[in-house]
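The structure presented is a predicted model; accordingly, all values stated were derived computationally and were not measured. The figures that follow rest on heavy atoms only: side chains count, while hydrogens, waters and symmetry mates do not.
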Amino acid sequence: MPLRVEQDIFVVRQLGREVARAAGMEQQDQTRLATALSEVGRVLLAAGHSADVVFEAELNGVPRLRVAVVSPQSGNIAELKLQLGQVGRLVDTLEVGDGEPGTVVWMARRLPASAPRLTPERMDEIRAGLSEHVPGTPLDELSVQNQQLIAALNEVRAQRDDLARLNAELEETNRGVMALYNQLSQELEETNRGVVALYAELDEKSEQLRTASEAKSRFLANVSHELRAPVTAVIGLARLLNDPASDPLADEQRRQVELISSSAGDLLTLVNDLLDLAKAEAGRMEPEWAEVDLRAVFGQLRGTLRPLATRPEVDFVVEEPSVPMLRTDELLLTRVLRNLLTNAIKFTAEGEVRLAVRTVDDDVEFTVVDTGTGIPPELHERIFEEFYQVPGSRAITGKGTGLGLPYARRLAGILGGGLRVASTPGRGSTFTLALPVNPS
């Protein structure tokens, strides 16, 4: 299409719209391309440039309709780009070049996915249709532009109405959100006040528990200390009465004195256990860390506890430790193991009581295994409560106070480890003391 006079601008605009329609563009895109083409033609003619307009179809990649406006005259490219700046918003790409054969303006716009495929047959049909196109008069083009303007205004009005409706809906939503936010804020404030009050109550209860625990510990320590002296005196007097150097006693008198001595010994054991437990609860036991020779510890336990295992039906076995050295507190470790072994001997009628040690991951585990009466699973944690004893269990030798296992677990915690039990009624128990290899 040649572009020589102002009349050609209307013809180029009409032809551009017809080409865009035939290629499958939507009506708005047809109007945009036609408007961009007429504006380019107006600018070039105003600058004194005649031009030829060529329509091309690019089928490689994304299909596009490409328009080249070629002028044989060269011009000021910078000024031309500035004048066509707004035209670039109507098309996808706009390029202005200067060279051979002169000034060239390229425009392109993508074809919609719904557009029919531009096969060679389709291209021939479009050419045939355009060749028969009869250009309209400027008045006809003005009428078309007015119709397009009215359609655009109607569309803008519809969009404005939709925007007003959306704004109303958004305002209503915002009011609902604000109401919900205020409600949630009030509920959160009420909850916070309740939480603060709860924490205050918890702090008060914690302080009361701490005070009660301290009072209990002081009471146990004071009572234990005050009872130890008279109980020790009773035991000493009973020994004096039974001493062969003293005046002889009748058989009944000797039996009663031995009963007094045995009861006083049990009471002294209870007093000592109470005092030790009070010290552990009060946090007055600080471990003295040192490298401990477990072979010496096991040898000491073997020597001191073997006299308790006097029944031939029970084998008392202390294995040689596979872990020769351990960093811990020797005194506290010995107390825990002696407590566990003493309990095992007390409640084992036949079979064996065995002490062993092994390394498991980052811990050293001491195990005391017996074939005694056993403990029901539901009582595995209760036996670590103070003064609790398994119902129906009776010690074979001696009497229990119900303080040994709680004391042993507290000592295990002080050493940085733990004490657990696995037991089945009638098949015995296994107490495991786990201590860290490298205590912090």
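The structure places CZ of R335 at 12.0 Å from CD of E330, a figure rounded to the nearest 0.5 Å. Here the CD-CD1 distance, from E381 to I375, works out to 11.0 Å after rounding to the nearest 0.5 Å. Taken to the nearest 0.5 Å, the OH atom of Y407 stands 13.5 Å off from the CG atom of L419.
Residues forming a side chain to side chain contact (heavy atoms under 4.5 Å, CB included) with R255 (at least two apart in sequence, or on another chain): E252. Contacts of E121 classified as salt bridge (Lys or Arg N to Asp or Glu O under 4.0 Å), with partners at least two apart in sequence or in another chain: none. Qualifying side-chain hydrogen bond (donor to acceptor under 3.5 Å, both in side chains) partners for E18, counting only residues two or more places apart in sequence or in other chains: R21. Judged as a salt bridge (Lys or Arg N to Asp or Glu O under 4.0 Å), and not counting sequence neighbours, the contacts of D124 are R127. D29 pairs by the side-chain hydrogen bond (donor to acceptor under 3.5 Å, both in side chains) definition with R32, R109, not counting sequence neighbours. E79 is linked by a salt bridge (Lys or Arg N to Asp or Glu O under 4.0 Å) to nothing, counting only residues two or more places apart in sequence or in another chain. Applying the side-chain hydrogen bond (donor to acceptor under 3.5 Å, both in side chains) test to R382 and every residue at least two apart in sequence or in another chain returns nothing. Residues passing the side chain to side chain contact (heavy atoms under 4.5 Å, CB included) test with V70 are A68, P101, V104, sequence neighbours excluded. Every residue two or more places apart in sequence or in another chain that forms a salt bridge (Lys or Arg N to Asp or Glu O under 4.0 Å) with E58 is listed here: R64, R66. Under the side chain to side chain contact (heavy atoms under 4.5 Å, CB included) criterion, R302 pairs with R306, V318, E320, not counting sequence neighbours. Here S71 pairs with H49, A51, Q73, T103 under the side chain to side chain contact (heavy atoms under 4.5 Å, CB included) rule; sequence neighbours left out.
Checked for salt-bridge contact, E319 and R358 miss the test: no charged N lies under 4.0 Å from a carboxylate O. One finds a salt bridge joining E365 and R420 here, because a Lys/Arg side-chain nitrogen approaches an Asp/Glu carboxylate oxygen to under 4.0 Å.
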Quiz item: Do K205 and E201 pass the salt bridge (charged side-chain N to carboxylate O under 4.0 Å, His left out) test, and can you show the C-alpha distance, the side-chain angles, and the key distance before you say yes or no?
Solution: CA-CA 6 Å; K205 296 296 182 183; E201 184 179 354; 5.1 Å; no

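No more than 12 heavy atoms of other residues, nucleotides or ligands sit less than 6.0 Å from atom CZ of R427.
By the 30° and 60° cut-offs, the orientation of the rings of F298 relative to F366 is tilted.
Counting only heavy atoms from C-beta outward, the side chains of V369 and V353 never approach each other to under 4.5 Å.
Under a 3.5 Å cut-off, the side chain of N339 and the backbone N or O of G404 do form a donor-acceptor pair.
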All N/O donor-acceptor pairs, side-chain side in residues 190-198, below 3.5 Å, sequence neighbours left out:
unit_1, atom_1, unit_2, atom_2, d
E190, OE1, R193, NH2, 3.1
E190, OE2, R193, NH2, 2.0
T191, OG1, E187, O, 2.8
N192, ND2, L188, O, 3.3
R193, NH1, E189, OE2, 3.1

